[in-house]
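Okay, so here's the structure we're looking at.
As the structure lists them, so they are numbered: ligands from 1, and atoms in each ligand from 1.
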Amino acid sequence: MPDQADRALDNSAPEKTGERLQKVLARTGQGSRRVCEELIADGRVTVDGKVAVLGRRVDVRTARVEVDGILLPVAPDLVYYLLNKPAGVITTSADPQGRPTVVDLVPSEPRVFSVGRLDLDTEGLLILTNDGALAQLLTHPSHGVDKEYVAEVDNGTPSPGALRQLRQGVELEDGRTAPAAVGVLSPGVLRLVIHEGKNRQVRRMCDAIGHPVRRLVRTRIATLRDTGLAPGHWRELTGVEVRALAAAAGRQS
Ligand code: URA
């Protein structure tokens with residue numbers, strides 16, 4: 001039984017979406033729904049560290065549900081991989097030309113898909129998951145999660161004026177790009193943070209200022225970085241990382 005004295009009671013409005021907590025508890029083998037309702041009524045169940053009340057709904061993709069302080073695997077069927085995509089691997093499930101794809105690099109079961117895409121020659125961080133709701137949230141233009149890239153460009157370091165153009169937005173054939181954070185890491189190497197997902201956006205932005213990209217690496221997606229993941233390798237995201245991504249994309253769990 002948790003010590004309720006040092007846990008805040010969850011007085012906020014119950015989640016309007018998501019699954020009923022007693023149903024989620026029953027699925028993880030805590031007993032019948034009636035028994036699970038009693039667990040909740042007895043204050044033995046917490047959601048994200050707060051004692052849950054009857055009627056609570058939870059988003060099983062992100063909620064941290066504990067009974068008597070023991071964490072329950074409420075979303076065992078959802079997987080989240082972080083892949084360090086190498087150049088030459090295509091971001092699709094199957095390629096008619098038989099080129100290697102990103103899904104060839106992660107476990108084949110359960111089937112996953114990539115969250116957004118990286119060009120054939122772009123390297124770096126890519127999320128693969130079977131969580132369609134989180135994928136949609138992260139890629140929806142209105143949520144605009146930050147994506148950071150390191151770009152090695154031709155023709156030396158762009159002038160201060162060209163850098164200003166990148167920061168303020170450049171005119172592309174499908175519209176003007178939103179303001180971006182741009183810095184110079186070393187001669188001819190830029191760090192760009194964008195939150196849109198236009199096709200080949202970074203390459204086209206750099207083309208537009210006369211500095212075509214020679215090498216492009218994605219180094220961050222919202223809160224997610226990993227400098228220790230070798231090209232072609234993947235790892236599972238932790239629950240904390242998944243929750244942080246969902247929060248960055250605007251979902252309160
Ligand atoms: N911008 C690009 O130009 N290419 C990518 O793969 C990702 C962002």
- Mind checking whether L192 and E148 have side chains closer than 4.5 Å, heavy atoms only? no
- Protein contact to atom 4 (N) of ligand 1 [nearest heavy atom, distance to 0.1 Å]: D119 OD2, 2.7 Å
- Using a 4.0 Å heavy-atom cut-off, say whether V213 meets ligand 1 through its side chain, its backbone, both or neither. neither
- Task: Look only at interatomic distance and state if R200 has a nitrogen or oxygen under 3.5 Å from any nitrogen or oxygen of ligand 1.
- Result: yes
- Task: Check step by step if salt bridge (charged side-chain N to carboxylate O under 4.0 Å, His left out) holds for R215 and D121.
- Result: CA-CA 8 Å; R215 183 174 178 218; D121 288 328; over 6 Å; no
- Message: Under 4.5 Å between side-chain heavy atoms, counting indirect links through other Ile/Leu/Val/Met/Phe/Trp/Tyr residues: same cluster for V202 and I209 or not?
- Response: yes
- Query: Judging by distance only, is a nitrogen or oxygen of L118 under 3.5 angstrom from one on ligand 1?
  - Reply: no
- Interfacing atoms of ligand 1 (cut-off 4.0 Å, heavy-atom, L216): 1 (N), 2 (C), 3 (O), 4 (N), 5 (C)
- Task: For S114, enumerate each residue passing the side chain to side chain donor-acceptor pair (under 3.5 Å) test, keeping only those at least two apart in sequence or located in another chain.
- Result: none
- Task: Number the atoms of ligand 1 from 1 as they appear, then name those within less than 4.0 Å of a heavy atom of Y149, with their elements.
- Result: 7 (C), 8 (C)
- Query: Under 4.5 Å between any side-chain heavy atoms of R225 and R220, yes or no?
  - Reply: yes
- Is ligand 1 under 4.0 Å from a heavy atom in the side chain of T122, in the backbone, in both, or in neither? side chain
- Any residue meeting side-chain contact (heavy atoms from CB on, under 4.5 Å) with T92, in chain and number order, not counting sequence neighbours: I90, D95, T101
- Message: Do T219 and L125 make a side-chain contact, defined as non-hydrogen atoms from C-beta onward lying under 4.5 Å apart?
- Response: no
- R203, E123, R218: member with heavy atom nearest to atom 3 (O) of ligand 1: R203
- Item | Nearest-neighbour protein heavy atom for atom 1 (N) of ligand 1, which is reported as residue plus atom name and distance | V202 N, 3.1 Å
- Message: Show me which atoms of ligand 1 lie under 4.0 Å from any heavy atom of Q201.
- Response: 1 (N), 2 (C), 3 (O)
